Amino acid sequence: MIAKIKTRTDFSGIVNYANDKEKKAARVIGSNGLLLINNETMTDSFMAQLNICDENGRLHNISKPVKHISIAYSPEDAERFPDNVSGDNFMKQLAEEWMKEMGINPENTQYVIVRHFDKDHPHCHLVYNRIQNDGSLISDSLERRRNIEACKKIKVKHGLTFGNPLKPEINEDKLRKYEKARNEIRTIVIGAKMKSITWKEFENLLSSNGVTLNLCFDKKSNIKGVAYEKDGFRVSGSRLGSHGAFTYGTLSKIFQPLAFPIIRNIQNGNNVQYETGVKNTNESVTAPVIPLGQFLMSISVTTGTGQNREWEVGTKKKKKKGGIYL
């Protein structure tokens, strides 16, 4: 169950969308305080209520009195919402429970719940008036946070399916070739990141699944980012999504920054690759890229003590500043 909240200024447009019988196969399954003859009478009912004063005689003249909530359920729960009176009543019940969890009294609120049949998953649209029947105003303070908690409570109460935010459902048939490659790389990277605590473990897990982790450098030989490559396709960490969860900056906070005194001659000749986003590696080049495994092997590691010990390997207790965990 996912509820998406939108605030509108005009009742007419959203009522016409929600109750579009031709394109959405819409069906009204619940309402309160509305004349349901047609979309125009519903809109007029909503608009009339905006002129009601509260118990103190105050008229709440707000610019956005319309709340539109699209409530969608997992396809795995489709059998819970059959196309009959029983399915409609259950969907209506959950929508009204959502209102109560949000601090909204359905009996004191103008609303309409409309079920749609234009998608593969069960879903409905709730439209309600922020001006209640007694003229008071429904607060939308912190509604996003309260919405998350409300949906969670309802899913737990009724045993509805919880989605996996790390692996959203994607219709692979609708993706272009490079989008499929990016999605495959992303799935592998997520799994490797969750199981790793060092750069070496991360690189090994990626490599075992056919993904090469490349370091991207700027003109001054500073690491500027990472790119992931599989089967001839390369995508930068910033383009894998999740708000930068797979970028060098984020990974370095988990695995420690990669620090080194000098890049040896590993950028010469055929060893140089290039970051081109999610494209074939034979296309035009932009910035030098070095596989992480090759970079780690290029670092000089001494095992002496005192000032001669440049790098600490595999230990966190005696890590020197700027060291690397391998």
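Remember, predicted model here, so these are calculated numbers, not experimental data.
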Kindly give the heavy-atom pair with the smallest separation between [X] and [Y], and that separation in Å.
X      : Y      : answer
Ala26  : Val114 : CB-CG1, 3.5 Å
Ala18  : Val127 : CB-CG2, 4.3 Å
Leu126 : Ile113 : CD1-CG1, 3.8 Å
Val226 : Thr247 : CG2-C, 4.1 Å

Establish, from distance only, whether the side-chain atoms of Asn133 and Gln49 form a donor-acceptor pair under 3.5 Å.
-> yes

Which word best sums up how the rings of His121 and His123 line up, parallel for under 30°, tilted for 30 to 60°, or perpendicular for over 60°?
-> tilted

Relative to the ring of Tyr17, is the ring of His68 parallel (under 30°), tilted (30 to 60°) or perpendicular (over 60°)?
-> perpendicular

Using a strict 4.0 Å threshold on nitrogen-to-oxygen distance, state whether Asp88 and Arg115 make a salt bridge.
-> yes

Can a salt bridge be assigned to the pair Asp77 and Lys155 using a cut-off of 4.0 Å between side-chain N and carboxylate O?
-> no

Within the side chain of [X], is there an N or O that forms a donor-acceptor pair under 3.5 Å with the backbone of [Y]?
X      : Y      : answer
His60  : Ser136 : no
Asn89  : Val85  : yes
Asp20  : Lys23  : yes
Lys193 : Ala245 : yes
Asn147 : Ala3   : yes
Ser207 : Glu203 : no

Ile138 versus Tyr128: any side-chain heavy-atom pair under 4.5 Å?
-> yes

Distance (rounded to the nearest 0.5 Å) between Gln93 CD and His158 NE2 | 5.0 Å

Interatomic distance, Phe246 atom CZ to Ile185 atom CD1 [nearest 0.5 angstrom] = 12.0 Å

